[in-house]
Amino acid sequence: MPESIATYTQQYTVYRHDGDHHGNVKPGALLRYGQQIATIHAEAVGLNDALYAATHTAYVLAKQALHIDRTPGVDETLTVITQPERCKRAVNKRITTFYDASGAQVAVLDSRWVLIDTDKRLILRKHPEQFNDQWAPDVPFELPMKMTKADPADCQTMGLCTATYSRCDMNGHMNNTRYADILCDALPWEVWEQGKVQDLKIYYHREIPRGESFTLLRAQTGPMQYYFCGEREEKSAFEASITFA
C-alpha cells in the first residue's frame, strides 16, 4: 500500500464553460473541482477502482457544504488543497480549500463520505483493513451543515427533472455535482442579478439512477435564501439550500 498522504494540492483554471453570464464560476464547477481532487488523492494512496471491486465497496457522498468568500471568475487559476479525515462514526470528512493567485482563500468545501457494501447496500461502520489509517486522525475544521428547511406543502413545484445522459456519471446515476446545476437552473434570472452564491448545502438521501426522474420543489426561506427538495417515489431523494449575499 502506498505511503499515506495527509493533504493533496492541485491547480485548476476556471474554464469559460465553467462561468456564468457574469463571468463568475458556477457553484457546480467548484463542486466538480472538489470531486476531481478527492478522486486523484484517493488513487494516490491506493484507494482505486480495483480495490473497491475487490472489497465490494464504494464511497458515497452523504452531504456537503460549500462556502464562497469571493466568487472566482473565468480564467482564474485556483490552487486547491484537500484534507481528508479518518472515519469517525462511519463518516469520512474531507475539507477542500480554494485559494486565488494571491494566496487568499476564496472558497471552502466540506464533504462527508460514507463507505458502503455494494452487495448489501449498507453503510460500513467498520472499514476493511485496506482503508484504515490512510487519512489524518483529525482535521479541525468544518462548515455548518444545518439548513433551513420548508414543509413540502409550502413549496412550489418546479417541475420534473430527469437523470439524463449529461447529468450521469460512470456509476450509472446522477452525479452529485449536477444537483447544484439543477438548483441554479430553478432560480429566476433576477436572483442572479441581485447577488452571488455564498453558501450551498446538499443532503443526498437516495441516488437517482440514470433515466429516472424526480419532482423538484422550491421555497424561499429568507430574503436571499432558497430551500429545495427532490421527491422520487413519494420519498425525498435530496434536500438543498442556497444562500446569496
Side-chain angles (χ1 to χ4, degrees), residues 1-8 30-49 51-67 80-98 107-149 169 171 173-177 179-180 199-208 227-230 232 235-243:
M1 182 68 68
E3 183 179 355
S4 295
I5 305 172
T7 65
Y8 195 87
L30 291 178
L31 298 187
R32 285 185 275 280
Y33 303 157
Q35 177 181 267
Q36 184 62 25
I37 195 172
T39 300
I40 294 172
H41 190 192
E43 290 176 344
V45 297
L47 303 183
N48 52 32
D49 291 341
L51 177 60
Y52 299 137
T55 56
H56 301 274
T57 60
Y59 270 112
V60 175
L61 188 59
K63 60 178 65 175
Q64 60 182 338
L66 172 69
H67 176 75
V80 185
I81 301 176
T82 190
Q83 300 175 281
E85 184 179 83
R86 290 180 190 171
C87 178
K88 293 182 178 179
R89 295 182 296 277
V91 177
N92 285 99
K93 178 176 70 176
R94 180 179 284 269
I95 301 298
T96 303
T97 311
F98 301 77
V108 60
L109 175 65
D110 182 342
S111 54
R112 310 295 175 90
W113 299 81
V114 294
L115 190 69
I116 65 167
D117 181 316
T118 54
D119 294 329
K120 300 178 181 179
R121 306 300 294 179
L122 296 175
I123 295 174
L124 296 174
R125 296 190 174 277
K126 183 178 180 181
H127 288 186
E129 182 180 353
Q130 298 95 319
F131 291 84
N132 289 338
D133 301 329
Q134 293 299 319
W135 310 131
D138 185 55
V139 177
F141 176 84
E142 63 182 21
L143 287 174
M145 284 286 179
K146 187 176 181 180
M147 71 172 68
T148 302
K149 299 184 180 183
D169 56 27
N171 295 315
H173 56 69
M174 196 162 81
N175 182 262
N176 68 80
T177 71
Y179 292 75
D199 288 288
L200 166 66
K201 299 180 177 71
I202 308 177
Y203 299 168
Y204 304 93
H205 300 313
R206 302 166 63 224
E207 67 179 11
I208 303 170
Y227 166 79
F228 299 87
C229 178
R232 177 172 166 263
K235 294 181 181 179
S236 175
F238 71 93
E239 295 176 280
S241 174
I242 299 180
T243 304

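- Closest approach of A42 to W135, counting heavy atoms only: CA-CH2, 3.9 Å.
- Between A65 and L143, the shortest heavy-atom distance links the atoms O-CD1, 3.4 Å.
- Side-chain contact of N171 with E207: a donor-acceptor pair under 3.5 Å is absent, judged by distance alone.
- Taken to the nearest 0.5 Å, the CZ atom of F131 stands 3.5 Å off from the OG1 atom of T57.
- Rounding to the nearest 0.5 Å places CE of M147 at 9.5 Å from OG1 of T243.
- For the side chain to side chain contact (heavy atoms under 4.5 Å, CB included) test with T177, the passing option among L61, D169, L31, L30 is L31; the others fail.
- Judged purely by atom type and a 3.5 angstrom limit, R125 has no side-chain atom pairing as donor or acceptor with the backbone of A90.
- Atoms OG1 and CG, on T39 and N48 in that order, are 11.5 Å from each other to the nearest 0.5 Å.
- With H56 as the fixed residue, the side chain to side chain donor-acceptor pair (under 3.5 Å) test singles out one of T118, D119, D117: D119.
- Side chains of H127 and Q134 form no contact here, defined as non-hydrogen atoms less than 4.5 Å apart.
- Within 6.0 Å of NZ on K88 lie more than 12 heavy atoms contributed by other residues, nucleotides or ligands.
- Here the closest non-hydrogen pair linking T96 and G34 is CG2-CA, 4.4 Å.
- Sparse packing is recorded around CD1 of I123, with 12 or fewer heavy atoms of other residues, nucleotides or ligands lying under 6.0 Å away.
- The distance from atom CG of D110 to atom CZ of R94, rounded to the nearest 0.5 Å, is 11.5 Å.
- Listed here is the closest heavy atom pair of H41 and A6: CE1-O, 4.0 Å.
- The shortest side-chain heavy-atom distance between I202 and N176 does not fall under the 4.5 Å cut-off.
- I95 CD1 to E142 CD: the interatomic distance, rounded to the nearest 0.5 Å, is 7.5 Å.
- Not counting sequence neighbours, E85 has no partner by the side chain to side chain donor-acceptor pair (under 3.5 Å) test.
- Summarising the geometry of L47 relative to Y52, their closest heavy-atom pair is O-OH, 3.4 Å, with the distance given to 0.1 Å.
- The closest donor-acceptor contact from the side chain of Y203 to the backbone of M145 lies under 3.5 Å.
- Put simply, the side chain of K93 does not reach to within 4.5 Å of the side chain of F141, judged on heavy atoms.
- R232 contributes no side-chain N or O that, together with a main-chain N or O of R206, makes up a donor-acceptor pair within less than 3.5 Å.
- Within the 4.5 Å cutoff, the side chain of D199 has heavy atoms near those of the H67 side chain.
- A side chain to side chain donor-acceptor pair (under 3.5 Å) with E239 is found for one member of K201, K63, K149 and no other, namely K149.
- For the pair L109 and F98, the minimum side-chain heavy-atom distance is below 4.5 Å.
- Contact of the N92 side chain with the Y59 side chain is registered, since non-hydrogen atoms from C-beta on lie closer than 4.5 Å.
- Residue L200 comes nearest to A180 through the heavy atom pair CD2-CB, 4.0 Å, listed as atom of the first residue, atom of the second, then distance.
- Looking at heavy atoms from C-beta onward, P128 lies in side-chain contact with L115 at the 4.5 angstrom threshold.
- Ring centroid separation for the pair Y179 and F228 does not come in under the 6.0 Å cut-off.
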